[in-house]
Amino acid sequence: MKNYSWFQVLAVLFVSLLVTIPARAQDESKAQKKAEAQLKVVHGSVIDKSENPMPASVIYLKNVKSQAVKTYIADESGNYRFSGLDPNVDYEIHAEHDDMTSSIRTVSSFDSRRDIEVTLKLSKKKNE
């Protein structure tokens, strides 16, 4: 009879362990999805002085906190997109094409929007 009690205790522990593991994994998955839902996206287009799209422009996105720079080459319509950005960090963004550059724009961590559109106008010569 004593061996039967130990078997019951072990069986209960095993079943509770099986129930706890998926619940913990589900909680971690929910937390990860929530964190991903809070990430920012910055997108837009690069245009020239006449507001024509500028394909093949290079867009620079600098994380002001870490100084890390990401780049993107605008598509045939002059569009670009950076996703998965930390909402608690400021970013600086500008575009370059040949000898032209846009003004540096700031994407602030205080901007609560998750989807931010920035149009970058190539309006001045580099090194001006």
Novice: Check step by step if side chain to side chain contact (heavy atoms under 4.5 Å, CB included) holds for Lys62 and Gln67.
Specialist: CA-CA 6 Å; Lys62 181 168 86 172; Gln67 300 296 304; 3.6 Å; yes
Novice: Considering only distance and modelled atom types, tabulate donor-acceptor pairs under 3.5 Å from the side chains of residues 75-85, sequence neighbours left out.
Specialist:
residue, atom, partner, partner atom, Å
Asp75, OD1, Ser77, N, 2.9
Asp75, OD1, Gly78, N, 3.1
Asp75, OD1, Asn79, N, 2.9
Tyr80, OH, Val118, O, 2.6

Novice: Between Glu51 and Asp48 (side chain of the first, backbone of the second, donor and acceptor by atom type, cut-off under 3.5 Å), is there such a pair?
Specialist: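 No, because the side chain of Glu51 does not come within donor-acceptor range (under 3.5 Å) of the backbone of Asp48.
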Novice: So, for Met54 and Ile47, which heavy atoms are closest and what is the spacing to 0.1 Å?
Specialist: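 Here Met54 and Ile47 meet closest at CG-C, 3.7 Å.
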Novice: When clusters are formed by joining ILVMFWY residues with side-chain heavy atoms under 4.5 Å apart, either directly or through shared neighbours, do Tyr91 and Tyr60 land in the same one?
Specialist: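 No; Tyr60 is not reachable from Tyr91 via cluster members.
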Novice: Heavy atoms only: give me the nearest Asn63-Lys65 pair and the separation to one decimal.
Specialist: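 For Asn63 and Lys65, the tightest heavy-atom pair comes out as OD1-N, 2.8 Å.
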Novice: Tell me if a side-chain donor or acceptor on Ser57 pairs with a main-chain N or O of Ala74 at a distance below 3.5 Å.
Specialist: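 Judged by distance alone, no pair lies under 3.5 Å.
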Novice: Could you go step by step and tell me if Met100 and Lys125 meet the side chain to side chain contact (heavy atoms under 4.5 Å, CB included) rule?
Specialist: CA-CA 5 Å; Met100 299 297 289; Lys125 296 262 186 198; 4.3 Å; yes
Novice: Got a sec, which residues hit side chain to side chain contact (heavy atoms under 4.5 Å, CB included) with Thr101, two or more places apart in sequence or on another chain?
Specialist: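 Listed in chain order: His94, Glu96, Lys124, Lys126.
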Novice: Could you grab the distance from atom CG of Asp115 to atom CZ of Arg113, nearest 0.5 Å is fine?
Specialist: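 That separation rounds to 8.5 Å.
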Novice: Can a donor-acceptor pair be found, under 3.5 Å and without considering hydrogens, that links the side chain of Lys40 to the backbone of Val107?
Specialist: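 Not at all, since once roles are kept as given, no pair shorter than 3.5 Å links the two residues.
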Novice: Measure from the side-chain N and O atoms of Arg114 to the backbone N and O of Pro87, and report whether any donor-acceptor pair falls under 3.5 Å.
Specialist: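 It does not hold such a pair.
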Novice: Whether the side chain of Ser108 engages the backbone of Phe110 through a donor-acceptor N/O pair (distance < 3.5 Å, no angle test) should be reported.
Specialist: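 Here the side-chain-to-backbone pair exists.
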Novice: Between Val58 and Leu120, is there a shared hydrophobic cluster once you connect ILVMFWY residues whose side-chain heavy atoms come closer than 4.5 Å?
Specialist: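 In one cluster with Val58: Leu120, no.
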Novice: Roughly how far, to the nearest 0.5 Å, is the CD1 atom of Ile59 from the OG atom of Ser45?
Specialist: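 If we round to the nearest 0.5 Å, Ser45:OG and Ile59:CD1 are 9.5 Å apart.
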Novice: Any donor-acceptor pair under 3.5 Å linking the side-chain atoms of Ser109 with those of Asn88?
Specialist: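 Asn88 vs Ser109: no donor-acceptor pair found between side chains.
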